[in-house]
Amino acid sequence: MVKRQNIAIIGGGVSSVSILSHMVHNAGFNDEITIDIYDTERMMGRGPAYQEDSRHLLINVPTEEMSLGNGHPSYREWLESNSHEPVTYTSRYLFGEYMRELMTSVAKVHDNIHLHHTLADDIQYDSENGRFTLHSGDEVKIYDHLFLTIGQLNYLDPYQLKASEGYIYDPYPLDEGLSAVDDDRIGIVGSGLSAIDCIRYLLIERGVPEVHAFSRSGDMPSVRGTPTDVELSHFTYEELESLKVNDEISLESIKELFKKELAHQGVDEALLDRRTGNTLADLRFDVSHLDEIGRLQYVIISVNPIFSDVYQYLSRSDKVEFLDKYHPLIEENHSPMPLEVAEDLIKWAEAGQLHIVDGTRSIEKEDEFIVSTEEEEQYFIRTLINATGPEKDVRQDDTGIIGALLNHQIIAPSEFGGILVDQKRHVISPKTGTIENMFVLGSLTTGADYLSNSVQLLNRNAQKIVDQFYNQLK
Ligand SMILES: Cc1cc2nc3c(=O)[nH]c(=O)nc-3n(C[C@H](O)[C@H](O)[C@H](O)COP(=O)(O)OP(=O)(O)OC[C@H]3O[C@@H](n4cnc5c(N)ncnc54)[C@H](O)[C@@H]3O)c2cc1C
């Protein structure tokens, strides 16, 4: 007789929807498996990135490359069958609609799948019987397996301004967080994709006269070049496997392989280091070299899943060196912004509506925010918006479920961000060792999975985790 298995998925974003979809489409799925999913009503089936918000917040990946799960229509098919124009870059909100529909349609046809519109407040683990006790509001339930897919940690607050009046610590959803911003001295801290969201929202929807974007480097993501099909010839699993010695692959040999691949694909490796430090000039360069940049980006995007898998074979010192020297170059080209977004930024900068200020040294709050730069310039800002991205160190985010899991010593921080997991993404507890019935997916595995937070990679890794789960059940 098949034993009943109670499963909880904590979080309702991309990772959760992907796991759910792969779960129900696996031949091992049956009526004895019960799946409960926890998240708030607002986030269920969407997660923060794809929540109900301004339609001007765009996906940065072409529609063709954004699909989820297994056995469902692709995103493009879904757009067409729901009378939406399948444009290259849709709003993130629309992708959220697609995801949510996918999740609710799966839950509707299976009596053994339940959506709980509440957060998990606490989780305890009994190593004697291998079960989890989950507290959510007044409810307490026991589970045999747990999937932790809670997304990013809280926002950073690099200048410790959280309590200051006029400071918007977490601007999302922008339709709410920035709806009252009506100022002529607005600053945004950060220059990544969230900062670009805020710039677009303020200039397009709020019609503010000008915006300052402050950061240390001023570097923005690159501009997505022309999509190119890439068939890897050198940077392959087989080649990398042959480089493995005593469960390690040296960074030097990975670098050589990558350079060989770039040369084979006709990519000038100097493009990797093309940044001049002048943000506007860098954006213009990308816009006028779309084919060359596209080839570089699509080699990086193609190599990414493979590198993510072999990342765990780097020695500690190689990982440190990689993160310090090479990660910034890869990151710039890995999640590029759509061309239309770059063109808007250039237009606004030229018109004096957008000021990109790098070399930010300090920000202090007196009557106003005083932003000082390395060049000894000062800016006086009345409304300051935090777009610096999430915390990476779980110890700095010891509230909510992370705090509870740390407290029960179920999870432990990884030196490279997120929490300790093994190669199959089981949690490694400092108290009881590897917990084989607790899987993690999403940015909490950042120390083990390199740059794996895109929809494509989360979906691929969800499939692996689910296969592993069913193998363990046998
Ligand atoms: C602004 C932004 C734009 C992005 N744009 C793109 C893009 O265009 N293309 C792309 O590929 N990727 C993009 N990404 C990357 C994006 O993070 C991932 O695609 C994806 O959203 C991560 O999914 P996730 O399920 O791991 O985490 P999330 O989507 O963050 O979902 C985690 C969920 O867990 C819930 N949760 C947290 N704590 C608890 C608890 N205690 N109990 C229950 N639930 C809990 C949260 O409410 C949340 O809904 C973007 C990210 C951001 C932040």
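The chain is numbered in sequence order, starting from 1. Whatever order the structure lists them in is the order used to number ligands and atoms, beginning at 1. Every heavy atom of this structure was used, including side-chain atoms; hydrogens, water molecules and symmetry mates were not. From a predicted model like this one, the values you see are computed outputs, not experimental measurements.
Annotation: atom 24 (P) of ligand 1 to nearest protein heavy atom, Ser15 OG, 3.4 Å. The shortest contact between atom 42 (N) of ligand 1 and any protein heavy atom is with Ala120 N, 2.8 Å. For atom 31 (O) of ligand 1, the nearest non-hydrogen atom of the protein is Gly13 CA, 3.6 Å.
Between Arg46 and ligand 1, not a single N/O pair is under 3.5 Å apart. Any N or O atom pair closer than 3.5 Å counts here, and Leu58 shares no such pair with ligand 1.
Here His72 and Tyr98 keep their ring centres 6.0 angstrom or further from each other. Centroid-to-centroid, the aromatic rings of Tyr50 and Tyr93 stay 6.0 Å apart or farther. Here the two rings, on Tyr201 and His56, have centers that are 6.0 Å apart or farther.
For the 3.5 Å distance criterion, the side chains of Asn333 and Arg224 fail to qualify, holding no donor opposite an acceptor. Of the N and O atoms on the side chains of Asp122 and His408, at least one donor lies less than 3.5 Å from an acceptor on the other residue. Looking only at atom types and distance, the side chain of Ser443 has no donor-acceptor partner in the side chain of Gln152 under 3.5 Å away.
Ligand 1 lies within reach of Pro48, whose nearest heavy atom is under 4.0 Å from it. The closest approach between Val61 and ligand 1 falls below 4.0 Å for a heavy atom of the residue. Ligand 1 lies nowhere less than 4.0 angstrom from a heavy atom belonging to Met44. Tyr172 counts as a contact of ligand 1, since one of its heavy atoms falls under 4.0 Å from the ligand. Residue contact check for ligand 1: Thr40 places no non-hydrogen atom closer than 4.0 Å to it.
Closest to atom 22 (C) of ligand 1 by heavy atom, among Leu457, Thr90, Leu458, is Leu458. Closest heavy-atom approach to atom 19 (O) of ligand 1 among the candidates Tyr50, Tyr89, Phe95: Tyr50. The nearest non-hydrogen atom to atom 52 (C) of ligand 1, considering only Ser443, Ala49, Ala404, Ala8, comes from Ala49. Taking each of Asn453, Val455, Val14 in turn, the one with a heavy atom nearest to atom 18 (C) of ligand 1 proves to be Asn453. Residue nearest to atom 9 (N) of ligand 1, selected from Ile19, Asp39, Asn60: Asn60 (by heavy-atom distance).
Under the 30°/60° scheme for interplanar angles, the aromatic rings of Phe307 and Phe322 are found to be tilted.
With sequence neighbours excluded, no residue forms a side chain to side chain donor-acceptor pair (under 3.5 Å) with Asn453. Residues satisfying the ring pair (Phe, Tyr, Trp, His ring centres under 6.0 Å) criterion with His114, sequence neighbours excluded, are absent altogether.
Both the backbone and the side chain of Leu119 come within 4.0 Å of ligand 1, judged by heavy-atom distances. Looking at Arg92 against ligand 1, only its side chain comes within 4.0 Å, counting heavy atoms.
Figure legend: cation-pi geometry between Lys162 and Tyr167 absent, as NZ or CZ is not positioned both under 6.0 Å from the six-membered ring centre and within 45° of its axis.
Contact atoms of ligand 1 toward Gly442: 26 (O) (distance under 4.0 Å to a heavy atom of the residue).
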